[in-house]
Amino acid sequence: MCRAVRALGVPARGPCAGCTWAFARCGESAHRTPRRRACRLVAVGSRTGTEVRGASSSLGGFVRGDAALEASGRGLRAHEHGTEARGAPPKRWGPAACNRADVRAVSKESHYGGKMQFQILGPLEIETKDGQRVSPRALKLRSLLAYLCIHSTRPVSMDRLIEALWSGTPPQSATTALHVYVSQLRKYLSSVGVDPKLIVTQPPGYRLDLCSQTLDLRRFESLLCHFRTLQAQDRLEEAAEALNAALALWRGPALDDLRAVPFFHNLCRQLNEKRAFAYEQKFEIELKLGRHNSLIGELYSLIDEQPTRENLYWHLMIALYRSGRIAESLAEYGRIRKILVQDLGVEPGLKLQKLHRAILVREAWLDDSWEDVRSAYAC
């Protein structure tokens, strides 16, 4: 047995405990094995993620460096005891194992880093590294993935997952069915190039192990936090850019394809309120910067989505007034008043009523700074 193998403390298996295929050098030039065998040390080294060089179907290979030998020994000793090295693929020895691309160490980030992103700010989708957007077809799998994404910072209990999947009416075999759905979701993630080990079994249930940059919701919250910092420093241009970047992450109402699931009603509403808050902050900043003309189209679009949200009309009326479109500004007040009176039987809020009266008499301060507008209409 060669000195390199003997130093690892591996039981001897003939001439060399590490060599079972083709020509190999394990540290001693005098050590040789037949060409039809390759070095098992090389194969085990590849399975433990160590650096393996020179491995080929014809010439075998050699392991460079003490760290590589030591790691290979750990993998081989695990094999001797009938265990697998952590992260090891199924047992496979010989040239095919040595030539596979997965012989090099692959960090956790590379499995789902780069362009891979989970998206819930809109229909549930996974954006793969090649730019394709995919999503599980089965409703249960989409519900499971969505709920794990929302709570990716902590483990989710089995009870909560069962409630999310069956909306409070689970079958008797719900626990077993949940395990099956988790297994199916892991297989699906693997099929689209995502590491299935992202779904971690952690008491009291499961956790989706995502970093902040691979979930659009976390990115959105990070940009909102950055916006508040810039706003506090009165860096309005940069604050507006941060808000625009945050809102650009949205592709429609949150989890739009799961709104039919009763359990997700409140979750979707909470997420959409974050978007509405960001828009209102954006409109205030843009009006303060004098960009009222550029807001009008966006405000009309949002009002079509939320026709009873009074704050949108308030910003739109000011933007129209400052753009010289006074008649249209007054018409928007009539529009929201008609909707509220006919559908809900209530008048617009005091804030809108004050703005309406001010536009009717064209009060001079409407063209002044944003702080003047806010102080005049503070309720």
Side-chain angles (χ1 to χ4, degrees), residues 47 49 78 81-92 102 106-113 116-121 123-129 132-212 214-218 254-268 270-271:
R47 298 173 66 233
H81 289 87
T83 60
E84 290 288 327
R86 187 176 182 180
K91 294 181 180 180
R92 184 175 181 180
D102 59 359
V106 181
S107 66
K108 175 183 175 183
E109 182 180 357
S110 66
H111 283 291
Y112 53 93
M116 184 73 69
Q117 186 174 121
F118 291 78
Q119 300 175 334
I120 63 175
L121 303 181
L124 175 67
E125 290 180 338
I126 302 173
E127 184 178 344
T128 62
K129 294 180 180 179
Q132 295 183 353
R133 291 183 174 180
V134 297
S135 179
R137 291 186 179 181
L139 180 61
K140 287 288 192 290
L141 295 187
R142 292 205 310 273
S143 301
L144 176 61
L145 179 58
Y147 199 73
L148 289 173
C149 283
I150 293 173
H151 301 282
S152 60
T153 56
R154 60 184 183 274
V156 184
S157 68
M158 299 279 288
D159 292 339
R160 294 296 293 171
L161 289 173
I162 289 173
E163 187 177 357
L165 265 59
W166 286 280
S167 300
T169 57
Q172 292 183 350
S173 59
T175 302
T176 301
L178 175 60
H179 292 312
V180 173
Y181 285 130
V182 170
S183 177
Q184 291 177 352
L185 182 56
R186 282 172 171 159
K187 290 179 181 178
Y188 175 80
L189 293 178
S190 179
S191 70
V192 297
V194 183
D195 185 4
K197 294 179 182 177
L198 293 183
I199 302 179
V200 180
T201 302
Q202 181 177 338
Y206 295 95
R207 178 173 59 87
L208 189 62
D209 187 15
L210 297 179
C211 68
S212 61
T214 57
L215 180 64
D216 56 358
L217 175 60
R218 301 290 169 252
L255 298 174
D256 197 28
D257 55 333
L258 293 174
R259 287 189 296 175
V261 181
F263 184 81
F264 283 90
H265 286 172
N266 288 334
L267 288 174
C268 292
Q270 293 170 19
L271 293 174

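We number each residue from 1, following the sequence as shown. What you are looking at is a predicted structure, and each value in this text was computed from that prediction instead of being measured. Atom set for the values below is all heavy atoms of this structure, side chains included, hydrogens, waters and symmetry mates excluded.
Thr214 contributes atom OG1, which lies 8.5 Å from atom CG of Asp209 (distance to the nearest 0.5 angstrom). With values rounded to the nearest 0.5 angstrom, Glu127 atom CD is found 13.0 Å from Ser135 atom OG. The CG atom of Leu215 lies 9.5 Å from the CD atom of Gln119; values are rounded to the nearest 0.5 Å. Summarising the geometry, atom CZ belonging to Arg160 is positioned 3.5 Å from atom OH belonging to Tyr147; distances are rounded to the nearest 0.5 Å. Atoms CD and CD, on Gln132 and Glu125 in that order, are 12.0 Å from each other to the nearest 0.5 Å. Atoms CD1 and CD1, on Ile120 and Ile126 in that order, are 12.0 Å from each other to the nearest 0.5 Å.
When all heavy atoms of Ser152 and Arg207 are compared, the pair lying nearest together is O-CG, 4.1 Å. In terms of heavy atoms, Arg218 sits closest to Cys149 at NH2-O, 3.9 Å. Minimum heavy-atom separation, Leu141 to Pro136: CB-CB, 3.8 Å. Across all their heavy atoms, Leu121 and Asp216 have their closest contact at N-OD2, 3.1 Å. Across every non-hydrogen atom of Ala146 and Leu255, the tightest pair is CB-CD2, 3.8 Å.
Only one option out of Thr153, Ile150, Leu145 pairs with Leu208 in a side-chain contact (heavy atoms from CB on, under 4.5 Å); it is Leu145.
A side chain to side chain donor-acceptor pair (under 3.5 Å) check over residues 255-266, counting only residues at least two apart or in different chains, returns the pairs Arg142-Asp257, Asp256-Arg259, Asn266-Arg269. The list of salt bridge (charged side-chain N to carboxylate O under 4.0 Å, His left out) pairs with a residue in residues 164-187, not counting sequence neighbours, is empty.
Here the side chains of Phe118 and Leu124 are not in contact, with every heavy-atom distance at 4.5 Å or above. Side chains of Leu144 and Leu161 form a contact here, defined as non-hydrogen atoms less than 4.5 Å apart.
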Practice item. Apply side-chain contact (heavy atoms from CB on, under 4.5 Å) to the pair Leu258 and Leu267, showing each step before the final yes or no. Key: CA-CA 10 Å; Leu258 293 174; Leu267 288 174; over 6 Å; no
Please tabulate, for side-chain N and O atoms in residues 165-185, each donor-acceptor pair with protein atoms closer than 3.5 Å (sequence neighbours left out).
from, atom 1, to, atom 2, distance (Å)
Thr169, OG1, Trp166, O, 3.0
His179, ND1, Tyr206, OH, 2.7

